[in-house]
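The chains referred to below are lettered A, B, ... by the order of the sequence lines, with proteins before strands, and numbering in each begins at 1. We use all heavy atoms of the structure for the numbers below, so side chains are in, but hydrogens, waters and symmetry mates are not.
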Number of protein chains: 2
Amino acid sequence: MDGLPERDASSVARSGKVGNDRKMEKLEDSIWAHCSSSSVRRASRQLGQLYDDAMGLTDLRGTQFSLLTQIGYLQEPTQKELARAMVMDLSALGHTLKPLIRDDLVELVPDENDRRAKRVRLTATGSAKQAELVANWREAQRRFDAVLGAERSAELRRTLSFIASEDFAKAYEAAGKTAD
Amino acid sequence: MDGLPERDASSVARSGKVGNDRKMEKLEDSIWAHCSSSSVRRASRQLGQLYDDAMGLTDLRGTQFSLLTQIGYLQEPTQKELARAMVMDLSALGHTLKPLIRDDLVELVPDENDRRAKRVRLTATGSAKQAELVANWREAQRRFDAVLGAERSAELRRTLSFIASEDFAKAYEAAGKTAD
DNA sequence: CAAATATAGTGGCATATACCTGTAAATTCC
DNA sequence: GGAATTTACAGGTATATGCCACTATATTTG
């Protein structure tokens with residue numbers, strides 16, 4: 001589950017160990033050059049750091065800002081709905097909401113029709129904080145588009161959106177059954 | 001830092017709250033449809049779950065498998081080199097290696113020339129475990145390519161590879177200075 | 001050569017994430 | 001209508017990740 005990041009070439013050459021294991025090198029070329037999951041994860045780590053830095057976040061993480069935004073957009077979603085939108089495990093979402101609730105940015109309110117469910121709402125403080133950071137995000141995103149280019153950026157988003165969709169998950173699961 | 005995942009449309013429609021805040025909806029359309037960082041993160045969460053499931057991992061996480069693979073490929077990298085290849089914070093890497101070291105899949109050995117540095121090595125157990133899971137990964141990746149298509153899959157990897165690169169990070173930082 | 005600066009790693013702290021278990025509530029089935 | 005099944009959430013556990021502070025070591029500077 002690993003590719004051949006270009007930056008590794010210098011490390012390999014520097015360590016002078018290339019000749020030691022030709023078999024491993026060959027496997028890497030044919031197998032690991034193609035692992036999409038770890039590719040996406042590496043990009044995610046990179047962007048997470050760059051965006052946080054560019055947005056100048058001090059008391060919030062980029063992921064928390066993303067959560068606040070989605071909550072505002074979905075207009076008091078249930079935790080289940082929110083987790084689904086964030087492509088997150090429900091339990092993980094619950095944990096992740098804790099500091100936001102603690103800091104009075106978010107509050108949970110009972111659903112009117114289903115006693116099992118709780119709805120997630122931005123507090124006034126939460127709304128203000130979210131609005132405050134919009135310009136920061138704009139700047140971070142501007143840089144991304146500047147480097148990657150508008151067209152490539154849009155194409156990437158389309159592909160990622162599809163990957164994050166339930167349709168993709170369904171098709172992926174189905175692809176497993178077909179090969180059985 | 002959030003886009004408009006297609007799956008949200010049904011939630012919005014169902015909640016019957018679309019009309020309540022036209023201003024927010026408009027902002028979302030023009031701003032949040034474009035956030036690349038959270039797009040990548042959502043895809044990462046999705047693939048993380050799908051790959052782990054498809055690989056049938058029980059005692060290892062996909063991320064750990066990825067680490068083992070990279071260690072094997074880099075041939076006793078220093079922790080610093082490994083962190084760089086994984087696009088991870090060095091401290092985070094140290095933490096993440098802990099369970100692998102604890103379970104005798106990985107060991108740290110002093111560098112011969114620099115007393116500050118430690119090299120990361122696969123143990124025999126670690127190598128065996130890594131080799132054991134190659135077929136599982138192959139299956140997981142096959143499904144991905146089947147759903148997304150080989151061409152689109154390759155294009156995505158190229159883009160993600162660039163994003164995860166140091167060149168991208170440099171250009172991103174430079175884009176911030178230009179606008180100042 | 002010694003001081004200043006940079007680097008590699010360690011541990012702490014806090015958020016991020018997912019699987020698991022259990023409970024209460026809602027829905028489905030007979 | 002009652003039993004069986006499914007659903008939403010809470011809490012626990014463990015890995016994942018990044019910033020921070022600090023120490024030891026290496027490199028650079030004057």
Side-chain angles (χ1 to χ4, degrees), chain A residues 37-38 41-53 55-68 77-84 86-103 105-106 108-120, chain B residues 37-38 41-53 55-68 77-84 86-103 105-106 108-120:
Chain A
S37 181
S38 52
R41 198 176 291 267
R42 284 195 296 279
S44 179
R45 288 183 193 124
Q46 177 90 298
L47 290 186
Q49 293 176 40
L50 292 177
Y51 269 63
D52 277 22
D53 186 49
M55 284 178 75
L57 296 173
T58 53
D59 50 347
L60 265 196
R61 310 285 289 271
T63 41
Q64 291 175 312
F65 176 69
S66 179
L67 252 184
L68 293 182
T78 61
Q79 285 185 101
K80 180 76 184 196
E81 286 163 352
L82 184 58
R84 194 172 169 182
M86 298 294 293
V87 194
M88 278 176 80
D89 174 78
L90 175 60
S91 176
L93 175 73
H95 295 315
T96 305
L97 282 177
K98 286 258 182 2
L100 296 178
I101 291 167
R102 180 200 67 203
D103 297 339
L105 298 174
V106 164
L108 298 185
V109 295
D111 184 83
E112 288 174 0
N113 304 305
D114 186 336
R115 289 174 60 183
R116 297 171 304 179
K118 291 204 180 152
R119 292 196 167 270
V120 191
Chain B
S37 180
S38 54
R41 199 176 291 268
R42 285 197 295 280
S44 180
R45 288 183 195 124
Q46 177 89 298
L47 290 186
Q49 294 178 40
L50 292 178
Y51 269 64
D52 277 22
D53 186 48
M55 285 177 76
L57 297 173
T58 53
D59 50 348
L60 266 197
R61 309 286 289 269
T63 41
Q64 291 174 312
F65 177 69
S66 179
L67 253 186
L68 293 182
T78 61
Q79 286 184 104
K80 179 74 182 194
E81 288 164 348
L82 183 58
R84 194 172 169 183
M86 299 292 291
V87 193
M88 279 177 80
D89 176 74
L90 174 59
S91 175
L93 175 72
H95 297 314
T96 304
L97 284 176
K98 286 262 182 3
L100 297 178
I101 292 166
R102 180 200 66 203
D103 296 342
L105 299 174
V106 164
L108 299 185
V109 294
D111 184 82
E112 289 173 1
N113 303 305
D114 185 338
R115 290 173 57 181
R116 298 171 303 180
K118 292 204 184 151
R119 293 197 166 269
V120 192

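With rounding to whole Å, Lys80(B) atom NZ is found 18 Å from dT25(D) atom P. Atoms CG (Leu57(B)) and C1' (dA18(C)) sit 13 Å apart, rounded to a whole Å. Arg45(A) has its CZ atom 16 Å from the C1' atom of dC19(D), to the nearest Å. Whole-Å rounding puts the Gln46(B) CD to dA18(C) C1' distance at 14 Å. Put simply, CG on Leu68(B) is 10 Å from P on dA16(D), counting in whole angstrom units. In this entry the distance linking CG of Asp103(A) with C1' of dA14(C) reads 11 Å, nearest Å. In this structure, Gln79(B) atom CD and dT7(C) atom C1' are separated by 14 Å, rounded to whole Å. In this structure, Ile101(B) places its CD1 atom 12 Å from C1' of dT10(C), rounding to the nearest Å.
Taking for each of Leu108(B) and Arg41(B) the nucleotide of DNA chain C with the nearest heavy atom, the 5'-most of the two is the partner of Leu108(B). Place Gln49(A) and Thr78(A) on DNA chain D by their nearest nucleotides, and Thr78(A) ends up nearer the 5' end. Both Gln64(A) and Lys118(B) lie near DNA chain C, and the one whose nearest nucleotide falls closer to the 5' end is Lys118(B).
A donor N or O paired with an acceptor N or O is not found under 3.5 Å between the base of dT25(D) and the side-chain atoms of Arg115(B). With hydrogens and angles ignored, no donor-acceptor pair closer than 3.5 Å exists between the side chain of Arg61(A) and the base of dT15(C).
The pair Arg119(B)-Glu81(B) counts as a salt bridge, with a side-chain nitrogen and a carboxylate oxygen less than 4.0 angstrom apart.
Inter-residue side-chain proximity for Leu97(A) and Gln79(A) is flagged as met; some heavy-atom pair is nearer than 4.5 Å. At least one side-chain heavy atom of Leu60(B) sits less than 4.5 Å from a side-chain heavy atom of Leu68(B). Under the 4.5 Å side-chain criterion, counting only non-hydrogen atoms from C-beta, Met88(B) is in contact with Thr96(B). For the pair Asp52(B) and Thr63(B), the minimum side-chain heavy-atom distance is 4.5 Å or more. Contact of the Ser66(A) side chain with the Met86(A) side chain is registered, since non-hydrogen atoms from C-beta on lie closer than 4.5 Å. At least one side-chain heavy atom of Leu108(A) sits less than 4.5 Å from a side-chain heavy atom of Val120(A). Annotation: side chain of Arg61(A) is not in contact with side chain of Leu57(A) (no heavy-atom distance under 4.5 Å).
Nearest heavy atom pair, residue Arg41(B) against residue Gly48(A), reads NH2-CA, 3.7 Å.
Under the rule for a side-chain contact (heavy atoms from CB on, under 4.5 Å), the partners of Asp89(B) that lie at least two apart in sequence or sit in another chain are Ser91(B), Ala92(B).
Contacts of Asp111(A) with the nucleic acid, taken as non-hydrogen atoms under 4.0 Å apart, are absent.
Summary for the helix from dC1(C)-dG30(D) to dC30(C)-dG1(D): the axes at its two ends, each from 5 pairs, differ by 30° when rounded to the nearest 10 degrees.
Checked against dA16(D), dC9(D), dC19(C), the side chain of Ala117(A) finds its nearest nucleotide in dC9(D).
Near DNA chain D, defined here as any heavy-atom distance below 4.0 Å, the residues from residues 88-97 of chain A are Leu90(A), Ser91(A), His95(A), listed numerically.
The shortest distance between the side-chain N/O atoms of Lys98(B) and the OP1/OP2 oxygens of dG11(C) is below 4.0 Å.
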